Amino acid sequence: MRVYVLNGPNLGRLGSRQVDVYGVTSYADLADMCADVGAELGLDVVVRQTDAEHELIGWLHAAADEGAAVVLNPAAWSHYSIAVRDACAMLRGPLVEVHISNIHAREEFRHHSVVSAVATGVICGLGVDGYRLALHHLAARPASQVS
Ligand code: DQA
């Protein structure tokens, strides 16, 4: 099963960005971890990050066309991008929204994600482990289960 692990703006700076909030794992280490976990689980994992909204939307369109599963950390776009949400709503496979930090325990503007209502499930506050948990969920999820 193909799984796209897609990351929004500033996540490429993991490891040096607000380490008290996001931890010391670099983006490169996160990408390697997702590839390793995917290989263990027999998933075909593709990991990407972008700071350009149109690029993420293009990747979501491709995932929708393929019927692929998506693990998405929309980062700041979570809180205001109706365009990202609309692209997520087109997905035919399951969508797991991941946030490294607990967005509900942070500034009020982070409490709401416009993506969550169209996600299959949401993991937040568990650090980069959230990505591993999302991949385990997708690997264990019955193929017949609709999102
Ligand atoms: C984030 C939380 C967002 O509020 C923030 O804008 C991010 C990262 C997280 O993973 O905790 O860039 O999505």
Side-chain angles (χ1 to χ4, degrees), residues 1-41 43-64 66-141 147:
M1 173 170 72
R2 166 66 61 90
V3 181
Y4 289 102
V5 178
L6 305 179
N7 293 284
N10 301 307
L11 291 170
R13 310 281 294 182
L14 284 177
S16 60
R17 172 192 186 198
Q18 293 182 276
V19 291
D20 52 321
V21 177
Y22 298 112
V24 294
T25 305
S26 67
Y27 176 73
D29 287 344
L30 171 66
D32 286 348
M33 186 265 280
C34 290
D36 291 348
V37 171
E40 272 167 35
L41 297 172
L43 300 173
D44 174 15
V45 171
V46 175
V47 188
R48 293 181 181 149
Q49 188 274 327
T50 184
D51 296 324
E53 193 176 6
H54 73 274
E55 191 168 35
L56 177 65
I57 290 169
W59 293 340
L60 289 166
H61 290 170
E66 285 176 46
V70 174
V71 174
L72 173 64
N73 185 342
W77 292 326
S78 316
H79 311 302
Y80 66 88
S81 176
I82 305 303
V84 170
R85 176 206 167 107
D86 286 350
C88 288
M90 290 182 228
L91 293 169
R92 293 179 292 121
L95 168 65
V96 183
E97 178 183 353
V98 172
H99 298 281
I100 295 166
S101 65
N102 179 356
I103 56 175
H104 304 289
R106 299 183 62 194
E107 302 95 326
E108 200 167 340
F109 66 86
R110 296 186 203 274
H111 294 183
H112 183 66
S113 164
V114 297
V115 172
S116 297
V118 295
T120 309
V122 182
I123 299 172
C124 87
L126 302 182
V128 293
D129 202 35
Y131 291 79
R132 191 181 61 78
L133 295 168
L135 291 170
H136 274 266
H137 169 76
L138 291 172
R141 195 180 166 81
S147 55

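Everything numeric in this text was worked out from a predicted model, so none of it was measured. One-based numbering, in listed order, for ligands and for the atoms of each.
When each of V115, L6, V114 is tested with V84 by the rule side-chain contact (heavy atoms from CB on, under 4.5 Å), just one qualifies, namely V115. Checking H99, R85, E97 one by one against S116, the side chain to side chain donor-acceptor pair (under 3.5 Å) holds for a single residue, E97.
Among residue pairs with one or both ends in residues 127-136, those qualifying as side-chain hydrogen bond (donor to acceptor under 3.5 Å, both in side chains) are N7-Y131, N73-Y131, D129-R132; sequence neighbours excluded. The stretch residues 51-61 participates, sequence neighbours left out, in no salt bridge (charged side-chain N to carboxylate O under 4.0 Å, His left out) pair at all.
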Ligand 1 N/O to protein N/O, distances under 3.5 Å:
{"unit_1": "ligand 1", "atom_1": "4 (O)", "unit_2": "H79", "atom_2": "NE2", "d": "2.7"}
{"unit_1": "ligand 1", "atom_1": "4 (O)", "unit_2": "R110", "atom_2": "NH1", "d": "2.9"}
{"unit_1": "ligand 1", "atom_1": "6 (O)", "unit_2": "A76", "atom_2": "N", "d": "3.2"}
{"unit_1": "ligand 1", "atom_1": "6 (O)", "unit_2": "R110", "atom_2": "NH1", "d": "3.1"}
{"unit_1": "ligand 1", "atom_1": "10 (O)", "unit_2": "N73", "atom_2": "ND2", "d": "2.8"}
{"unit_1": "ligand 1", "atom_1": "10 (O)", "unit_2": "I100", "atom_2": "N", "d": "2.7"}
{"unit_1": "ligand 1", "atom_1": "11 (O)", "unit_2": "I100", "atom_2": "N", "d": "3.2"}
{"unit_1": "ligand 1", "atom_1": "11 (O)", "unit_2": "S101", "atom_2": "N", "d": "2.8"}
{"unit_1": "ligand 1", "atom_1": "11 (O)", "unit_2": "S101", "atom_2": "OG", "d": "2.6"}
{"unit_1": "ligand 1", "atom_1": "12 (O)", "unit_2": "R17", "atom_2": "NH1", "d": "3.2"}
{"unit_1": "ligand 1", "atom_1": "12 (O)", "unit_2": "R17", "atom_2": "NH2", "d": "3.0"}
{"unit_1": "ligand 1", "atom_1": "13 (O)", "unit_2": "N73", "atom_2": "OD1", "d": "2.8"}
{"unit_1": "ligand 1", "atom_1": "13 (O)", "unit_2": "H99", "atom_2": "ND1", "d": "2.8"}

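At a threshold of 4.5 Å between non-hydrogen side-chain atoms, the residues V5 and V46 do not count as touching.
Applying the side-chain hydrogen bond (donor to acceptor under 3.5 Å, both in side chains) rule to R48 yields no partners; only residues at least two apart in sequence or on another chain are considered.
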